[in-house]
Enquirer: 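Dumping the structure here so I can ask a few things about it.
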Amino acid sequence: MRTILAGSALVGLALCSAVAGVARAAEPSPELIAYGKTLVEAGDCAGCHTADPAKPFAGGKRIATPFGAIYAPNLTPDRDTGIGAWLDADFVRAVRTGIAPDGSNYYPAFPYPYFTKMTKDDTLAIRAYLGTLAPVISRNKPPELRWPFGYRALMRVWNAMYFKPGLFEPDQSKSAAWNRGGYLVTGLGHCGACHTPKNYFGADKSAQALSGNKVAGWFAPRLDGAARTGLKSWSEEDITEYLQSGRNGKSHAGGPMAEVIVNSTSKMSDADVRAIAVYLKSLPPARRETIVTPTDETQMKAGQAVYAKLCIACHEADGTGSPRIYPPLPGNALLQSVNPSSTLRIILDGAHTVTTPRAPNTGEMPPYARQLSNEEIAAVTNYIRNSWGNAAPLVTPAQVAKARKGEANGE
């Protein structure tokens, strides 16, 4: 009897050891976790999923959409309120198809239409990193969407119409850098979530990919090869420097893009940022640039007077400024965008030069919302958008008034 019990104990011990060995084998390696961290940074996951900096990835951040607000969920490994109890298959399905473990649909404010292009290995690497975070108890908040958009079942119809699942397909005729850049831009980096125009139902106008879009009172500019308002005049080096430091000899980052650079692109590897530049520089214009009508001479003179009084000290009479300190205005693609929202936001609210390890020096522009009237802001905006060879549609005082209220200006 003792022999049998001893034998059973040995068998049990062997089984436990085997199970423990399997568990240990299933633990992600430090290399996988480190790689997952780089992917999380490239996807700027913290940008949406962190409301309280003291509780990274614990969710709760309010994300405004044209249909109402959505709150980002908790990505920490808390088993009750986060993703700690999820299986790997649950995580992969959620990220790449927008379906939660309980079978409900996510809204595309979570950019699964882009993440679907990610490989399963990369998706699981992200999960491996998230699993190392400190668990935080943070219950997900329900969305605040206008009727009838609060019915998640409607997402099945949306997905059937607009969601195209599938991995990024490399182009064998292109370089490895181009394909890596395409994978990052159209997949993990989800650049089109901000920079691609949307239709009435919030889906990408895919035929106009990366040709600019309204975002939270700002305008995410064109990333295609448009001559005046896109990246045609930018070199690969210009794009790389901008993404790594938040500024270059042509422009400075502001608004939501400044946050993306601080939290994401400034932390990416040199090779990945360069790959993004290679891909973007290959894109032809996705749509024609707006034909600009001649400017009103009277208003231009009024704008020049405001410029001479308040702007000339930093930006110079010819608009050249001090590149990488005060951005130059001639040929500035964002300044000439058909939608003036970003320019108006900067004039109204002021601007702070983004600080990154590659460009730690700061600079700022004061706000002029209280100092200037709607008419004066419209005049100076039109002046800088149509001087020194620039050309852009005229801005009206009514548009400035809307911008004061935080409303995006339509095209």
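Side chains included, hydrogens not; waters and symmetry mates left out as well; all remaining heavy atoms used. Along the sequence shown, residues are numbered consecutively beginning with 1.
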Enquirer: Would you mind telling me which of R222, H195, K205, R287 makes a side-chain hydrogen bond (donor to acceptor under 3.5 Å, both in side chains) with S211?
Expert: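 Among R222, H195, K205, R287, the one that satisfies the side-chain hydrogen bond (donor to acceptor under 3.5 Å, both in side chains) with S211 is R287.
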
Enquirer: Please examine the side chains of D80 and I137, heavy atoms only from C-beta on, and report whether any two atoms are closer than 4.5 Å.
Expert: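 Sidechains of D80 and I137: no contact.
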
Enquirer: Rounded to the nearest 0.5 Å, what separation is found between the CD atom of E259 and the SG atom of C48?
Expert: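 Rounded to the nearest 0.5 Å, the CD-SG separation comes to 9.5 Å.
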
Enquirer: Does some side-chain heavy atom of T50 sit less than 4.5 Å from a side-chain heavy atom of K55?
Expert: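 SC-SC contact between K55 and T50 ruled out.
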
Enquirer: Quick check against the 3.5 Å criterion: does T119 have a side-chain atom that pairs as donor or acceptor with the backbone of D122?
Expert: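 Confirmed, T119 side chain pairs with D122 backbone.
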
Enquirer: Considering the options N248, I276, D272, which one meets the side chain to side chain contact (heavy atoms under 4.5 Å, CB included) requirement together with L243?
Expert: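 Of all the options given, the one that passes is I276.
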
Enquirer: Nearest 0.5 Å, what's the CG-CG distance between L39 and L124?
Expert: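 If I round to the nearest 0.5 Å, the distance is 11.0 Å.
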
Enquirer: Under 3.5 Å, is there a donor-acceptor pair between the S266 and Q244 side chains?
Expert: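 Side chains of S266 and Q244: no pair found under 3.5 Å.
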
Enquirer: At their closest point, which heavy atom of C311 faces which heavy atom of V380, and how far apart are they?
Expert: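 Heavy atoms only, the tightest pair is SG-CG2, 4.3 Å.
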
Enquirer: Just by distance, no angles: are the side chains of Y368 and E376 close enough, under 3.5 Å, to form a donor-acceptor pair?
Expert: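 On atom types as modelled, these side chains do not qualify, holding no pair under 3.5 Å.
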
Enquirer: Is there a donor-acceptor pair under 3.5 Å between the side chain of R385 and the backbone N or O of N390?
Expert: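 Here the side-chain-to-backbone pair does not exist.
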
Enquirer: Please lay out, stage by stage, how R324 and E241 fare under the test salt bridge (charged side-chain N to carboxylate O under 4.0 Å, His left out).
Expert: CA-CA 10 Å; R324 299 174 181 83; E241 181 183 1; 2.6 Å; yes

Enquirer: Would you say the side-chain atoms of N105 and Y112 include a donor-acceptor pair closer than 3.5 Å?
Expert: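 Result is no, nothing qualifies.
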
Enquirer: If you take all heavy atoms of L32 and P28, which pair is closest and at what distance?
Expert: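 It is CD2-CB, 3.9 Å.
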
Enquirer: Go through it in stages, so that I can follow the logic: the residues are Q336 and T229, the test is side-chain hydrogen bond (donor to acceptor under 3.5 Å, both in side chains), and I'd like the CA-CA distance, side-chain angles, deciding distance and then a yes or no.
Expert: CA-CA 6 Å; Q336 298 178 83; T229 59; over 6 Å; no

Enquirer: Is the centre of the Y383 ring less than 6.0 Å from the centre of the W388 ring?
Expert: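 Ring centroids of Y383 and W388 are less than 6.0 Å from each other.
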
Enquirer: Side chains of E236 and V278, heavy atoms from C-beta outward: is any pair under 4.5 Å?
Expert: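 Side-chain contact under 4.5 Å: yes.
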
Enquirer: State whether the number of non-hydrogen atoms from other residues, nucleotides or ligands found under 6.0 Å of R152 atom CZ is greater than 12.
Expert: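 Yes, because the 6.0 Å sphere around CZ of R152 holds more than 12 heavy atoms from other groups.
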
Enquirer: So, R274 and E237, do they make that salt bridge, N to O below 4.0 Å?
Expert: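 Counted as a salt bridge, because a side-chain N and a carboxylate O are separated by less than 4.0 Å.
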
Enquirer: Would you name the heavy atoms of H252 and Y242 that are closest together and state the gap between them?
Expert: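 Between these two residues, the closest heavy atoms are C-CE1, 3.8 Å.
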
Enquirer: Report yes if the side chains of M268 and L184 come closer than 4.5 Å at any heavy-atom pair, otherwise no.
Expert: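 The answer is yes, as the side chains (C-beta and beyond) meet within the 4.5 Å cut-off.
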
Enquirer: Tell me whether W218 contacts the main-chain N or O of M257 through its side chain, where contact means a donor paired with an acceptor under 3.5 Å.
Expert: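 Not a single qualifying donor-acceptor pair exists.
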
Enquirer: Return the orientation label for the F110 and H49 ring planes: parallel under 30°, perpendicular over 60°, tilted otherwise.
Expert: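 Perpendicular, since the angle between the ring planes exceeds 60°.
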
Enquirer: Looking at every non-hydrogen atom in both residues, tell me the closest pair between V262 and T355 and how far apart they are.
Expert: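 Reported closest heavy-atom pair: CG2-O, 4.1 Å.
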
Enquirer: Using every non-hydrogen atom in the two residues, find where M300 and N382 come nearest and quote the distance to one decimal.
Expert: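 Heavy-atom minimum between the residues: SD-O, 3.7 Å.
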
Enquirer: With rounding to the nearest 0.5 Å, note down the distance linking OG1 in T293 to CG in L394.
Expert: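 One gets 5.0 Å once the value is rounded to the nearest 0.5 Å.
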
Enquirer: Just jot down the salt bridge (Lys or Arg N to Asp or Glu O under 4.0 Å) partners of E31, sequence neighbours excluded, or say none.
Expert: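 E31: no salt bridge (Lys or Arg N to Asp or Glu O under 4.0 Å) contacts found.
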
Enquirer: Regarding Y114 and D204, is there a side-chain donor-to-acceptor distance under 3.5 Å anywhere?
Expert: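 Indeed, the side chains of Y114 and D204 share at least one donor-acceptor pair under 3.5 Å.
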
Enquirer: Consider only side-chain N and O atoms of D238 and S235, and report whether a donor and an acceptor are under 3.5 Å apart.
Expert: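 Per modelled atom types, D238 and S235 side chains form a pair under 3.5 Å.
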
Enquirer: For the pair Y129 and F57, name the ring-plane relationship: parallel under 30°, tilted 30 to 60°, perpendicular over 60°.
Expert: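 It falls in the perpendicular class, over 60°.
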
Enquirer: Is the distance from the ring center of Y107 to that of F67 below 6.0 Å?
Expert: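 So the answer is no for these two rings.
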
Enquirer: Going from OG1 on T240 to NZ on K281, what distance comes out if it is rounded to the nearest 0.5 angstrom?
Expert: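 Output value for this atom pair is 11.5 Å.
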
Enquirer: Indicate the ring-plane relationship of F168 and W178, choosing parallel, tilted or perpendicular according to the 30° and 60° boundaries.
Expert: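 Aromatic pair F168/W178 classed tilted.
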
Enquirer: Between T76 and D78, does any side-chain donor sit less than 3.5 Å from a side-chain acceptor?
Expert: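 The answer is no; no qualifying pair exists.
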
Enquirer: Would you say the side-chain atoms of Q208 and D224 include a donor-acceptor pair closer than 3.5 Å?
Expert: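 No, no side-chain donor-acceptor pair sits under 3.5 Å.
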
Enquirer: Would you say the side-chain atoms of N339 and S337 include a donor-acceptor pair closer than 3.5 Å?
Expert: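 Result is no, nothing qualifies.
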
Enquirer: Main chain of V260, side chain of D44: is a donor-acceptor contact present, judged purely on distance under 3.5 Å?
Expert: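 No, D44 side chain to V260 backbone: no donor-acceptor pair under 3.5 Å.
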
Enquirer: Is the backbone N or O of P113 less than 3.5 Å from a side-chain atom of T116, with the two atoms forming a donor-acceptor pair by type?
Expert: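 No.
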
Enquirer: Does a side-chain heavy-atom distance below 4.5 Å link T356 with V354?
Expert: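 Answer yes - side chains close enough.
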
Enquirer: What's the shortest heavy-atom distance between N140 and P73, and which atoms?
Expert: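 Closest heavy-atom pair between N140 and P73: OD1-CA, 3.1 Å.
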
Enquirer: Look at atom CZ of F91 and say whether more than 12 heavy atoms of other residues, nucleotides or ligands are closer to it than 6.0 Å.
Expert: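 Yes - once you tally the heavy atoms of other residues, nucleotides and ligands closer than 6.0 Å, there are more than 12.
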
Enquirer: Does K198, at its NZ atom, have more than 12 non-hydrogen atoms belonging to other residues, nucleotides or ligands within less than 6.0 Å?
Expert: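 Yes, because the 6.0 Å sphere around NZ of K198 holds more than 12 heavy atoms from other groups.
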
Enquirer: Do the side chains of P135 and P77 get nearer than 4.5 Å, heavy atoms only?
Expert: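 In contact.
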
Enquirer: Just checking I312: does its CD1 atom have more than 12 heavy atoms from other residues, nucleotides or ligands closer to it than 6.0 angstrom?
Expert: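 Buried by this count: over 12 neighbours within 6.0 Å.
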
